A.B. asks: 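Can you keep this structure in mind? I'll have questions shortly.
Chain naming here is simple, since letters A, B, ... match the order of the sequence lines and numbering starts at 1 in each. Computed from heavy atoms alone, side chains included, the values below leave out hydrogens, waters and symmetry copies. Quick caveat, the model's predicted, so the values are computed rather than measured.
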Amino acid sequence: DGGITQSPKYLFRKEGQNVTLSCEQNLNHDAMYWYRQDPGQGLRLIYYSQIVNDFQKGDIAEGYSVSREKKESFPLTVTSAQKNPTAFYLCASSIVGTSGTYEQYFGPGTRLTVT
Amino acid sequence: GQQVMQIPQYQHVQEGEDFTTYCNSSTTLSNIQWYKQRPGGHPVFLIQLVKSGEVKKQKRLTFQFGEAKKNSSLHITATQTTDVGTYFCAAPMSFQGAQKLVFGQGTRLTINP
């Protein structure tokens, strides 16, 4: 059963703590993405990776870090430097090709609450 | 920054009424994608439009890509309660030598049964 998994579904942390969100895919996709969604808002790109051991900052990378050591995994760390970390975090993946962009497959998301 | 503008932000209709959401860009788009996110869920890909003036249908949903490839619309005929959710358009835009998908703000559709 192919897809993207994110864990946990809900996460609670105290202010000042770093927290790592998991994202795993078994779709054999080269590209993976992290988005942040705030209530009533669209999706804002945090980081993306098109190949193992390489990743690029998106529009709102400050206060976040990622790694891409394996094709299947793209964990996101929300650091204490992120001023407003409470949000819904979505991971996505897609194939990479030369003829344009391709549909993104999203995981179920992690709802992070920092107090 | 590069943006895709989507309107309206919210739409409330009676069940059975039609619904339309619009997406606009100031630049020519190579293609446009549409996604649906149910309340509490995650975005799910609906369709991709590539050609100028393209029209595609999925049952009661009709998707259009403008002749100038700068705008797109999603029209739902005779809405049902299963259509509730937020509809996003998304378009690829160049960013630091790579292409990323830029999402519109979404149109949240609620339906009175």
A.B. asks: To the nearest 0.5 Å, what is the distance between CG on A:Leu90 and NE2 on B:His42?
C.D. replies: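 Answer rounded to 0.5 Å: 8.5 Å.
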A.B. asks: Hydrophobic clustering (ILVMFWY, side-chain heavy atoms < 4.5 Å, transitive) - are A:Met32 and A:Val52 grouped together?
C.D. replies: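 Unlinked, A:Val52 and A:Met32 end up in two clusters.
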A.B. asks: Identify whether A:Trp34 and A:Phe55 are in the same connected component of the hydrophobic contact network (ILVMFWY, side-chain heavy atoms under 4.5 Å).
C.D. replies: yes
A.B. asks: Grouping I, L, V, M, F, W and Y whenever their side-chain heavy atoms are under 4.5 Å apart, do B:Val102 and B:Ile47 come out in a common cluster?
C.D. replies: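 The answer is yes; both residues are in one hydrophobic cluster.
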A.B. asks: Which atoms of A:Leu43 are under 4.5 Å from chain B, going by heavy atoms: the side chain, the backbone, both sets, or neither?
C.D. replies: both
A.B. asks: Given 3.5 Å as the limit, does a donor-acceptor pair link the side chain of B:Tyr35 with the main chain of A:Gln104, or not?
C.D. replies: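 Checking the backbone N and O of A:Gln104 against the side chain of B:Tyr35, a donor-acceptor pair under 3.5 Å is found.
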A.B. asks: With a 4.5 Å limit on heavy-atom distance, are the side chains of B:Gln48 and A:Glu103 in contact?
C.D. replies: no
A.B. asks: In Å, rounded to the nearest 0.5 Å, how long is the span from OG of A:Ser94 to CD of B:Gln33?
C.D. replies: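 The CD atom of B:Gln33 is 8.5 Å from OG of A:Ser94, to the nearest 0.5 Å.
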A.B. asks: Can you confirm whether A:Tyr89 is buried at OH, in the sense that more than 12 heavy atoms of other residues, nucleotides or ligands lie under 6.0 Å from that atom?
C.D. replies: yes
A.B. asks: Test of understanding: clusters of I, L, V, M, F, W, Y form through side-chain heavy atoms closer than 4.5 Å, transitively. Do A:Val19 and A:Ile46 belong to the same one?
C.D. replies: yes
A.B. asks: Please test B:Lys100 against A:Gln56 for side chain to side chain contact (heavy atoms under 4.5 Å, CB included), starting from the C-alpha separation and ending with a verdict.
C.D. replies: CA-CA 11 Å; B:Lys100 63 168 186 174; A:Gln56 287 78 38; over 6 Å; no
A.B. asks: Highest number of heavy-atom pairs under 4.5 Å with chain B: which of A:Phe88, A:Tyr33, A:Tyr35?
C.D. replies: A:Tyr35
A.B. asks: If hydrophobic clusters are built from ILVMFWY residues whose side chains come within less than 4.5 Å, do B:Tyr87 and B:Tyr22 share one?
C.D. replies: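 No, B:Tyr87 does not connect to B:Tyr22 through the hydrophobic network.
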A.B. asks: Counting only heavy atoms closer than 4.5 Å, note whether B:Gln6 contacts chain A via side chain, backbone, both or neither.
C.D. replies: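 For B:Gln6, neither part sits under 4.5 Å from chain A.
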